[in-house]
Amino acid sequence: MADNGASDSEGSDISGVNEVMNEDFEGELAGDNVDPLDRAQDGGDDETRPQWIDNLFHESDESGDEFEGFHPDWVTDPRRFRPVNVPDCLLDGGSAYQHPEESTAGYYFGLMWDDEMWDRLTTESNRYATQQRTAHPPPPSAARWTDATKDGMKAFIRLCFSMGILKLPRRHLYWRTTKWLLKTNFPLVMARNKFDQMWRYLHLQDNMVPAPEGEKAWKLRWFLDHLTSRFQETYTPYGHATIDESMIKFKGRLSFRQYLPSKPIKWGIKMWALCESDSGYACNMQMYTGKIDGQQEKGLAHRVCMDLLAPVLGTNLQVYMDNLYTSVALLSDLRVRGILACGTVRANRKGLPTTLLPKNVRLQRGDFRRAQKDDLAYSIWMDTKPVVVMSNFHDPAEQGTVLRRREQARTQVPVPKMLEDYQQHMRGVDLLDQAISYYTLNHRSKKWWRRVFFYGMMVTAHNAYVVAKDQGHAFHTQQWPTFLDFLEDLATDLIGDTRADRAPQLPRLPGRPLQTHTLERMFAKRRVCRECSLSSTAGDRAQATNYGCRECSVPLHQKCLSAHINRSNIG
């Protein structure tokens, strides 16, 4: 954890005050776990409060000087604001490792969706299939079940990714053999009956293991914990993060289903998420499972923030949140624990300056007022309606600007600096939701946990894309300019050599045999790919590679192999 003395603003020397307490008043508050300064600011009982605490915050009879350290109340006069020193972030942002330049999409995905995850999926799905078929024997006419393998599970997940990209209203339509213009290559990878069985028996947790009391997400607990631990080990945010809710679409019966009218997805399962502000990388997630024993959890927002930020406490990470979470108590606790926080705040929160609440102040559009209390800064700015922001690391006297439309033109409007930073960095979870919403598999299912599973699968793919782009290789910039390009390559990588047992033959021209092509590392020095060179347009730079086709002796990328085969067989 970061040093509290270094993290506090000028005039708030905690270590110095603690030395005075230890030397002159040792034993006076013995056995009390509450920090004496916290008790002093809270007030306490006049009969039991020591006289030295009153002297800290009241004028001295002898000198008449006022204590210039902590503010017991909000200060609204800008002339009395104390300057604030913002500590540097201690995190070394970016990927935890340097990855090879020509790493594939499947490689980056495997950093988080590792072999342990594949083994778990395969083992639990086979176990669940055995349990179900033993308890409820299928009729003789039913399709025969064969245990899933790791390669088969990868092919299944690949097809699930593809269904999110190429959306059809029913699953069986991906295997249709009529309407040749709209046919897919799904039958080449896996038979429809096999896919349906794997869909039915997909499982993550042994049903014979009893769930802990009160645990509603037992089937997903290992899955979510494993993913979040891999997310944190693979990548570190650069210095700014966002806490917000993310919704997973689900309209079935579920005790903790949520309705959020302000979200694009209004009905579903709520996930608390901590994401990097600039990229949307999901650093931590937690699923909301509703009330506990029928009672709403007290201090829910405070507890959620502490849980999400537990891995980065003491790092001086700047975190932005909305008014669901922000409170005086939370921002004070986070500052002590080495987290710099800023967010909008509801006007009915306890401890706010009463004279600057929206109901007590009248402002014209564009006007703002500020206040300070210890490390906390407060501002109210009038837009179309009052916007209240609070921070534990901003200087209240510092100003910034935001863009606002006035008379059909967008102009820079002066605002407090904390509001400018909030607008700039309060977007991490929204970036994640936007990126994965276009390609998430949303086929109907009565099992609610499937939606969470596919959500976690898409979040993993998005995080892998962020790690790949963070490497800064020109190869990746050209190969994956968008998240869709990355997903398409990822789906191809997951298939590998898996093919359906009775896959239909590839079409070929009459009287012309198909030529075989083998891709292997052939050249010590990288050469321009033949297919990239033939397909590139004027001004585009063809990509180089060390691989090539052994039969044709030409340089070739792995992603260009299918195009090379088609060109050779047709030409």
Side-chain angles (χ1 to χ4, degrees), residues 1-18 21 29 32-44 53 56-57 67-76 80-87 89 241 243 274 298-310 312-354 356-357 370-380 388-396 416 418 421-422:
M1 182 177 291
D3 185 11
N4 288 339
S7 300
D8 281 280
S9 58
E10 254 181 59
S12 299
D13 189 353
I14 295 178
S15 60
V17 177
N18 286 336
M21 296 186 334
L29 299 176
D32 193 346
N33 293 327
V34 181
D35 186 83
L37 288 179
D38 290 338
R39 291 185 56 191
Q41 296 181 66
D42 290 339
I53 294 180
L56 286 177
F57 304 106
F67 178 72
E68 296 295 338
F70 291 93
H71 291 318
D73 298 313
W74 289 97
V75 175
T76 58
R80 297 182 58 194
F81 289 163
R82 294 182 291 104
V84 177
N85 295 326
V86 182
C89 182
I243 291 180
L274 172 69
K298 293 184 178 180
L300 174 64
H302 191 289
R303 193 268 303 164
V304 167
C305 287
M306 289 300 180
D307 289 348
L308 293 178
L309 293 169
V312 293
L313 292 179
T315 61
N316 296 328
L317 177 68
Q318 294 185 15
V319 180
Y320 296 83
M321 59 194 74
D322 62 21
N323 57 25
L324 174 64
Y325 312 92
T326 310
S327 66
V328 173
L330 175 63
L331 265 60
S332 299
D333 288 350
L334 290 178
R335 184 58 191 258
V336 171
R337 289 165 172 79
I339 295 294
L340 310 182
C342 174
T344 55
V345 59
R346 296 177 180 175
N348 61 353
R349 297 291 192 188
K350 294 182 179 179
L352 300 180
T354 56
L356 295 185
L357 293 179
R370 295 156 294 177
Q372 186 182 45
K373 179 181 179 181
D374 299 337
D375 291 322
L376 300 182
Y378 171 98
S379 72
I380 178 172
V388 182
V389 184
M390 191 164 61
S391 170
N392 66 4
F393 68 95
H394 279 95
D395 190 332
M418 66 184 83
D421 289 347
Y422 173 84

Between [X] and [Y], is any pair of side-chain heavy atoms under 4.5 Å apart?
X	Y	answer
L334	V319	no
Y378	V388	yes
N85	D395	no
H394	V389	no
F393	I339	no
L340	C89	no
R346	L324	yes
L330	M321	yes

Item to complete: Output, in order, the C-alpha distance, side-chain angles, deciding distance and verdict of side chain to side chain contact (heavy atoms under 4.5 Å, CB included) for Y325 and L331.
Response: CA-CA 9 Å; Y325 312 92; L331 265 60; over 6 Å; no
Which atom pair, heavy atoms only, marks the closest approach of [X] to [Y]?
X	Y	result
N316	P87	ND2-CB, 3.5 Å
S332	L376	OG-CD1, 3.7 Å
P396	A371	CB-O, 4.1 Å
A329	H302	O-NE2, 4.2 Å
L352	A347	CD1-O, 4.0 Å

For the backbone of [Y] and the side chain of [X], can you confirm whether one donor and one acceptor N or O come within less than 3.5 Å of each other?
X	Y	result
W74	G351	yes
R349	N323	yes
R303	K298	no

Value rounded to 0.5 Å, distance of [atom1] in [X] from [atom2] in [Y]:
X	Y	atom1	atom2	result
N348	S327	CG	OG	11.0 Å
Q318	D421	CD	CG	7.0 Å
L317	L309	CG	CG	7.0 Å
Q372	D374	CD	CG	8.5 Å

Discussion item. Evaluate R82 against V75 for side chain to side chain contact (heavy atoms under 4.5 Å, CB included), listing each step before the verdict.
Written reply: CA-CA 10 Å; R82 294 182 291 104; V75 175; over 6 Å; no
